[in-house]
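Below, each value reflects all heavy atoms present in this structure, side chains not excepted, and no hydrogens, waters or symmetry copies.
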Amino acid sequence: MKEKIYTIPLMDAFHANDECPFCFIERNLEQHALDFVLGQGASYMEDDIRAETDKMGFCRDHYKKMFHYGNRLGTGLILTTHFKKKNEELQQQIKMFSPKKASMLGHFKKAKLNPDNPQTSLGTWVKEQNNSCYICDYSKNTYARYLDTFFELYRKNKEFQELFKNSNGFCLPHFGDLVETAEELLSDKEKAEFYPQLFSLMTENLQRVTDDLAWFCDKFDYKNKDADWKNSKDAIQRGIQKSAGGYPAAPFYQSER
């Protein structure tokens, strides 16, 4: 099976020998989205893109990454029209807002906030703003297609099958996504082959990282001060990645300009 344009990024991710190829993919997707939104192509100047960013906004994490990206003018322009739209929405929400009648015992109650289930129309509106992000939306939709591509390659590409078998496994969140996707896409016969390979990869590589973490801690014992670090110098960041995904030690991605 020859490589196709859409399979190349996934093949590259497995060739990178990362702790999790899908973390590698997600980082590339996020960086591509930041370049698209704020990079030299100036997509934020295009009306259709600005309409989308005005509507969706960005999550707290991606606002921070946009701030550090380096294009302050671009970020300012995006925020200006986004705030104009949100101010209009807020004024409309305030007009529709109707406080509920207070309880006679309200003064004796303690505050009980449930962010997942707001009790007011304004709370619901604010929750919708927090759950909407242009970059997250792009990354999630594209990532889902790479899960499909993974199983296409797994079925048909012998080189990829070997890369998978000899990989470092996956972080726990992406491991869960692979299992959920396998249940939908694979036949019973394919599952009987795939799951033992995947589970073996995960248990072996979690044990590898566990051993590296243990030796990292043991190195702080004075008896081991002259011992070799082995593969444990970066065990903390690899352990965090294996547990939760992402790259905890990576610097902020910035514009090349």
Side-chain angles (χ1 to χ4, degrees), residues 22-23 25-39 41-147 172-174 176-177 180-181 244-248 252-255:
F22 282 104
C23 286
I25 285 283
E26 280 193 333
R27 179 173 61 180
N28 286 350
L29 289 174
E30 181 181 71
Q31 291 177 353
H32 174 75
L34 285 166
D35 286 337
F36 178 75
V37 171
L38 291 171
S43 64
Y44 58 85
M45 298 300 293
E46 299 176 13
D47 291 342
D48 57 336
I49 301 300
R50 187 74 73 84
E52 284 297 308
T53 57
D54 286 348
K55 177 183 177 182
M56 300 186 70
F58 301 89
C59 66
R60 180 186 296 186
D61 183 49
H62 284 127
Y63 271 131
K64 186 175 182 66
K65 290 178 180 179
M66 288 167 64
F67 179 81
H68 286 280
Y69 182 81
N71 185 349
R72 299 295 174 86
L73 175 59
T75 303
L77 290 169
I78 290 171
L79 283 171
T80 299
T81 53
H82 175 62
F83 267 70
K84 286 179 180 178
K85 181 173 180 60
K86 292 305 158 184
N87 193 33
E88 292 173 359
E89 291 181 6
L90 176 60
Q91 291 180 43
Q92 186 63 32
Q93 290 292 327
I94 289 173
K95 286 180 181 178
M96 296 188 299
F97 178 69
S98 177
K100 67 179 182 180
K101 190 172 180 62
S103 166
M104 293 290 290
L105 301 177
H107 291 296
F108 300 99
K109 292 182 178 180
K110 293 182 179 180
K112 290 183 179 180
L113 285 177
N114 183 355
D116 295 326
N117 187 27
Q119 300 300 303
T120 67
S121 59
L122 274 170
T124 300
W125 177 77
V126 171
K127 182 176 183 293
E128 290 172 355
Q129 313 313 303
N130 293 336
N131 289 342
S132 178
C133 174
Y134 183 85
I135 293 177
C136 285
D137 190 63
Y138 165 80
S139 297
K140 287 177 183 177
N141 290 338
T142 312
Y143 165 67
R145 292 200 293 271
Y146 277 114
L147 285 171
L172 289 176
H174 291 137
D177 289 345
E180 293 294 313
T181 308
Y247 297 90
F252 283 105
Y253 181 63
Q254 295 182 319
S255 168

Is there a side-chain contact (heavy atoms from CB on, under 4.5 Å) between His174 and Tyr143 once you walk through the steps? CA-CA 10 Å; His174 291 137; Tyr143 165 67; 3.0 Å; yes
Calculate, to the nearest 0.5 Å, the distance between atoms OG1 and OH belonging to Thr75 and Tyr69 respectively. 9.5 Å
Separation of Asn71 CG from Leu34 CG (nearest 0.5 Å): 11.0 Å
Contact check, side chains of Gln92 and Trp125, non-hydrogen atoms, under 4.5 Å: no
Reported CD1-to-CG distance for the pair Ile78 and Leu38, which is rounded to 0.5 angstrom: 4.5 Å
Any salt bridge (charged side-chain N to carboxylate O under 4.0 Å, His left out) pairs touching residues 63-76, not counting sequence neighbours? Glu30-Lys65, Asp61-Lys65
Got a sec, which residues hit ring pair (Phe, Tyr, Trp, His ring centres under 6.0 Å) with Phe97, two or more places apart in sequence or on another chain? none
For Glu89, give me all partners under salt bridge (Lys or Arg N to Asp or Glu O under 4.0 Å), at least two apart in sequence or on another chain. Lys85, Lys86
Calculate, to the nearest 0.5 Å, the distance between atoms SG and CG belonging to Cys23 and Asn28 respectively. 11.5 Å
Which atoms form the tightest heavy-atom contact between His62 and Cys133, and what is the distance? ND1-SG, 3.4 Å
Under the ring pair (Phe, Tyr, Trp, His ring centres under 6.0 Å) test, which residues partner Tyr134, sequence neighbours left out? none
Mind checking ring pair (Phe, Tyr, Trp, His ring centres under 6.0 Å) for Tyr146 and listing every partner two or more places apart, or none if nothing turns up? none
Could you tell me whether Asp47 atom CG has more than 12 heavy atoms of other residues or ligands within 6.0 Å of it? no
Do other residues, nucleotides or ligands put more than 12 heavy atoms under 6.0 Å from the CD atom of Gln129? yes
Could you pull out all residues at least two apart from Thr81 that satisfy side chain to side chain donor-acceptor pair (under 3.5 Å)? Arg50, Asp54
Nearest 0.5 angstrom please: Leu29 CG to Ile135 CD1, how far? 11.5 Å
Ala244 and Pro173 have their tightest heavy-atom pair at O-CG, 3.6 Å
Would you say Tyr253 has more than 12 foreign heavy atoms packed within less than 6.0 Å of its OH? yes
Report the residues that fulfil side-chain contact (heavy atoms from CB on, under 4.5 Å) with Asn131, sequence neighbours left out, ordered by chain and then residue number. Lys127
side-chain contact (heavy atoms from CB on, under 4.5 Å) filter on Phe83, not counting sequence neighbours, yields Leu79
dist Thr53:OG1 -> Phe58:CZ (nearest 0.5 Å) comes out at 5.0 Å
Please list all pairs passing the salt bridge (charged side-chain N to carboxylate O under 4.0 Å, His left out) test where one or both residues lie in residues 128-147, with sequence neighbours left out. none
According to ring pair (Phe, Tyr, Trp, His ring centres under 6.0 Å), who are the partners of Phe252, at least two apart in sequence or on a separate chain? His68
